[in-house]
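Below: one structure, written as structure tokens.
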Amino acid sequence: MEDFNAAWLVGGLLAFWGVFISLDSFMLADASLIGAALISFFKAATETRLHSRQRRLRSFFSALALIIVLSSLGIWFGRHREHAKEDQDRTNADKDRRIDDLNSQLQKLQSLPNEIVALKDAGKSQSDKATQKIDDLAKQNGQLEQAIAKKDQALVDIANRELSLKFEPHITIETRGTKDSLYIENMGSVNLILIDLTYKNMTPVDLFGRSNPIRDALIAPNSWSSTQLDDSALQRTIDRAGGDPEFSYEGTATVRTGDNKMYQIPFTWQFIIKNGKIASSFARQGAITEVRASTPPQ
């Protein structure tokens, strides 16, 4: 019964977290996430018998680390969404202010022809004033056209920026604790095409014993593509290490986004070698950079 209640409480709080995030109630979302983390913490302490002499400290600290990592990711996601909403609100407010200014100028401009008619009706003595008024009207009309052109350009810039942000890639390269597999995960909200996965001073056949298994691979949001070294490739890696406890491959992942832009993500695949065998591996990735038309992929 305790297991059932704890699981439902954590699940309910995580559901509330998702609802509050969608409603932009970030403080309530954080509170729900912290509540779920605390319940999970106490449940982990109970399951690992932390209060007794038969406590399982390794299991407890593993569960604690997982809870902290997931909670941190949840809070980071909430902050990222909050900042994005604030930026969007500021952009919308600036756009509305510019439109109001232009509408005010347009209303003033529309009233000028009536004033000109009144000046003409006043007679010849007012002709000089009418001429001056026409000149002022032409000048204001030119200023208005420039303001409208600037507004249109600003709207185009905003639309292009929002479109670029939508297709901006969010890639994670990791081994997930394996010693022979590499995962390229799409953490964004749109599809990506993994064009190629290359290694410095190393051909795909030399590394994998066959042609590169990752090329022109479609990676949907929240999914991944992976590659795995076979036994012969693992042995070649050990041989290349030459007795050193560590050995690494330097590589580059090249992706194409939905707006036909290309990006490169450098990474290092590090292997830990113990007793003549690969004990574990991990990956470190560098900054994502856009590949300009004048810069061919590596």
Side-chain angles (χ1 to χ4, degrees), residues 65 68-70 72-77 79-81 83-84 161 163-208 211-229 233-234 236-238 240-242 244-273 278-298:
I68 292 174
V69 169
L70 293 179
S72 300
L73 288 175
I75 293 175
W76 174 87
F77 177 81
R79 291 293 178 270
H80 180 74
R81 184 180 176 90
H83 293 159
R161 183 168 64 253
L163 185 63
S164 297
L165 290 175
K166 176 181 178 182
F167 288 104
E168 183 178 358
H170 298 278
I171 292 289
T172 298
I173 301 176
E174 57 186 0
T175 62
R176 298 185 178 179
T178 65
K179 65 180 181 179
D180 58 358
S181 297
L182 193 67
Y183 295 84
I184 297 87
E185 185 170 1
N186 180 6
M187 305 295 291
S189 58
V190 293
N191 291 335
L192 294 176
I193 300 295
L194 180 59
I195 298 177
D196 203 357
L197 193 66
T198 58
Y199 297 86
K200 294 181 180 178
N201 303 323
M202 189 71 59
T203 65
V205 174
D206 191 15
L207 181 61
F208 297 99
S211 61
N212 193 341
I214 298 183
R215 179 166 292 166
D216 295 331
L218 174 65
I219 309 179
N222 299 316
S223 64
W224 60 85
S225 186
S226 64
T227 185
Q228 184 179 23
L229 301 180
L234 291 175
R236 283 194 297 274
T237 301
I238 295 171
R240 287 180 179 276
D244 291 337
E246 296 184 2
F247 184 77
S248 62
Y249 294 114
E250 300 293 333
T252 302
T254 304
V255 299
R256 183 173 66 245
T257 57
D259 55 352
N260 289 324
K261 291 183 179 180
M262 295 178 60
Y263 297 84
Q264 288 186 341
I265 307 98
F267 65 90
T268 301
W269 193 354
Q270 188 80 32
F271 296 88
I272 306 301
I273 304 172
I278 294 180
S280 62
S281 71
F282 61 91
R284 296 189 302 269
Q285 70 182 70
I288 300 176
T289 57
E290 181 179 353
V291 181
R292 301 294 181 179
S294 59
T295 305
Q298 296 180 359

* **Main-chain N/O of Ile219 paired to Ser223 side chain as donor or acceptor, under 3.5 Å** => no
- Query: Got a donor-acceptor contact below 3.5 angstrom from the Asp244 side chain to the Glu246 backbone?
  - Reply: no
Which is it for Gln270 and Arg284 under the side-chain contact (heavy atoms from CB on, under 4.5 Å) test, yes or no, and what are the steps along the way? CA-CA 8 Å; Gln270 188 80 32; Arg284 296 189 302 269; 3.7 Å; yes
Is the closest side-chain heavy-atom distance between [X] and [Y] below 4.5 Å?
X      : Y      : answer
Gln285 : Thr172 : yes
Ile171 : Met187 : no
Phe247 : Thr237 : yes
Ile278 : Asp180 : no
Pro169 : Ile288 : yes
Leu182 : Trp269 : yes
Ile193 : Val255 : no
Thr254 : Thr198 : no

With rounding to the nearest 0.5 Å, note down the distance linking [atom1] in [X] to [atom2] in [Y].
X      : Y      : atom1 : atom2 : answer
Gln228 : Leu234 : CD    : CG    : 8.5 Å
Asn191 : Asn186 : CG    : CG    : 7.5 Å
His170 : Asn222 : NE2   : CG    : 11.5 Å
Met262 : Asp196 : CE    : CG    : 9.0 Å

>> Set out, in order, the CA-CA distance, both residues' side-chain angles and the distance that settles side chain to side chain donor-acceptor pair (under 3.5 Å) for Thr268 and Glu250, then state yes or no.
In response: CA-CA 5 Å; Thr268 301; Glu250 300 293 333; 2.8 Å; yes
Evaluation steps, side chain to side chain donor-acceptor pair (under 3.5 Å), between Asp259 and Thr257: CA-CA 5 Å; Asp259 55 352; Thr257 57; 2.3 Å; yes
- Regarding Arg176 and the six-membered ring of Tyr183, is the cationic atom NZ or CZ under 6.0 Å from the ring centre and inside 45° of its axis? yes
Search all heavy atoms of [X] against all heavy atoms of [Y] and return the closest pair with its distance.
X      : Y      : value
Gly188 : Pro221 : O-CB, 3.4 Å
Pro266 : Ala287 : CD-O, 3.3 Å
Leu194 : Ala253 : CD1-CB, 4.1 Å
Tyr199 : Leu197 : OH-CD2, 3.7 Å
Ser280 : Lys179 : CA-CB, 4.0 Å

Show your working on side-chain contact (heavy atoms from CB on, under 4.5 Å) between Phe267 and Ile173 and close with a plain yes or no. CA-CA 8 Å; Phe267 65 90; Ile173 301 176; 3.7 Å; yes
*Are Glu185 and Glu174 close enough, and set up right, to give a side-chain contact (heavy atoms from CB on, under 4.5 Å), and what steps lead you there?*
CA-CA 8 Å; Glu185 185 170 1; Glu174 57 186 0; 3.5 Å; yes
Taking the ring centre of each residue, are Phe271 and Tyr249 less than 6.0 Å apart? yes
